[in-house]
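Notes follow once the structure below has been shown.
Because the structure is predicted, anything quoted here is derived from the model rather than measured.
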Amino acid sequence: MEIQRVTVIGGGLIGASWAALFLAHGLSVTVQDIDKAAEARVLAQLAAAWPDLQALGLARTTLEAAQAALRVTPDMQAALQGVQFVQECGPDRLPVKREIIAGIEAHVTANVIIASSSSALMASEMQQGAAHPGRILVGHPFNPPHLVPLVELVPGRHTEAETVTTARAFYEGLGREIVVPLRESRGHVANRLTAALYREAVHLVAEGIATVEDVDRAVSAGPGLRWALMGPHLTYHMGGGEGGLRHYLEHLGPAQERRWADLGTPRLDAATVDALVSGLDAALARMDETTLARRRDAALVALVLARRDQGFGA
């Protein structure tokens, strides 16, 4: 089935970004959101994203055509009329997700895939009580979805193999890079990795080892540059010289284990939160915060193009 009609449930930051990506590929998109400001927000996001989508070669139509192919409505039934794929972007709370899925299932045929953007919930949890659990899975993006190519495609206990195959083909057709975990876990893969790094980043600040600004600089100017090209396993493989990853692990593994043993387990108590926020405020005072998102997006475009040019991206 060639998917041409997509409904996005929720027109917030993630939903609007998804909508921009779908529209850039010439799809007909309906966004369902009860917020009266949703249409203006989604249209603004689309216009702001368009130059970046063009730079990435993802804009397969004109902005005017994309705007004409967009519909925003608060009505769930109207939003789902004739839909072929649903990208669910509601609040990341399990009772709310189940309520949304029940509402979707009341108005779509049994073969319509429901992909949740959930960053932490598992598909198996959302499938409980569903009429057709086999068509439900997680399709988790990284913010902003229209620029960052990663999509974690996570099936639940009852997800049918055909659902995964169809969803993967759909996302890959949008230029996304797909990760399919071997089994479900809280936070999937990418968020577990970022959570591990952030835990130590918080520990370094809480223990007075480094400032917020220096922790961020240590990541972005150091390992973060390499991680934009290759993950930790391949990075350490290259650090092992001719012996590769095995040489690294056999000879430097004990040092790695000593560092693991010394990592912190901070709490986000009031004092720690105050230290993090004040540290970030100090860093923001030395930069132009008003252009931060725009500069980030421009740099993301350049990074994605550089990865592609050097054979590191899909």
Side-chain angles (χ1 to χ4, degrees), residues 56-58 119-120 122 137-145 147-155 161 164-165 167-169 171-205 207 209-210 212-266 296 299-314:
L56 291 170
L58 298 178
S119 61
M122 294 185 281
L137 79 172
V138 167
H140 173 242
F142 244 54
N143 187 41
L147 294 183
V148 181
L150 176 67
V151 174
E152 294 178 297
L153 201 59
V154 193
V164 179
T165 300
R168 180 168 197 150
Y171 288 125
E172 287 182 338
L174 302 172
R176 304 302 87 186
E177 296 189 38
I178 308 302
V179 168
V180 182
L182 299 177
R183 62 181 180 88
E184 291 179 292
S185 63
R186 188 72 58 197
H188 321 313
V189 175
N191 272 347
R192 292 179 69 90
L193 292 169
T194 56
L197 175 64
Y198 193 57
R199 181 173 69 177
E200 187 59 20
V202 170
H203 173 70
L204 291 170
V205 174
E207 293 299 309
I209 297 171
V212 166
E213 189 171 14
D214 277 349
V215 167
D216 281 7
R217 183 179 293 114
V219 174
S220 64
L225 287 174
R226 297 188 304 199
W227 292 336
L229 305 177
M230 57 189 70
H233 298 301
L234 186 53
T235 295
Y236 283 134
H237 170 72
M238 297 190 71
E242 292 184 3
L245 181 62
R246 181 172 296 279
H247 176 79
Y248 176 87
L249 295 176
E250 289 177 349
H251 291 269
L252 295 175
Q256 188 75 266
E257 288 181 334
R258 287 194 294 272
R259 287 194 293 272
W260 287 343
D262 195 48
L263 295 178
T265 53
R296 178 206 64 183
L300 281 173
V301 169
L303 279 171
V304 171
L305 290 173
R307 291 179 75 245
R308 187 187 304 169
D309 291 344
Q310 296 301 320
F312 289 107

**Interatomic distance, L252 atom CG to H247 atom NE2 [nearest 0.5 angstrom]** =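 NE2 of H247 is found 6.5 Å from CG of L252.
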For [X] versus [Y], what's the shortest heavy-atom pair and its separation?
X: V164; Y: L153; answer: O-CD2, 3.7 Å
X: M122; Y: R186; answer: CE-NH2, 3.4 Å
X: G139; Y: Y171; answer: CA-OH, 3.9 Å
X: V215; Y: A201; answer: CG1-CB, 3.7 Å
X: P155; Y: L137; answer: CA-CB, 4.1 Å

Can a salt bridge be assigned to the pair [X] and [Y] using a cut-off of 4.0 Å between side-chain N and carboxylate O?
X: E250; Y: R246; answer: yes
X: D262; Y: R259; answer: no
X: E177; Y: R307; answer: yes

**Message:** When you measure from the side chain of R217 to the backbone of V212, do you find a donor-acceptor pair of N or O atoms at a distance under 3.5 Å?
**Reply:**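 Such a contact is absent between R217 side chain and V212 backbone.
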**Item:** Exam field: side chain R199 to backbone P266, donor-acceptor pair closer than 3.5 Å
**Value:**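 Answer holds: no.
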**Asked** Using 30° and 60° as the class limits, which term best fits the ring planes of H188 and H140: parallel, tilted or perpendicular?
**Response**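 Taking H140 first and then H188, their aromatic rings sit tilted (interplane angle of 30° to 60°).
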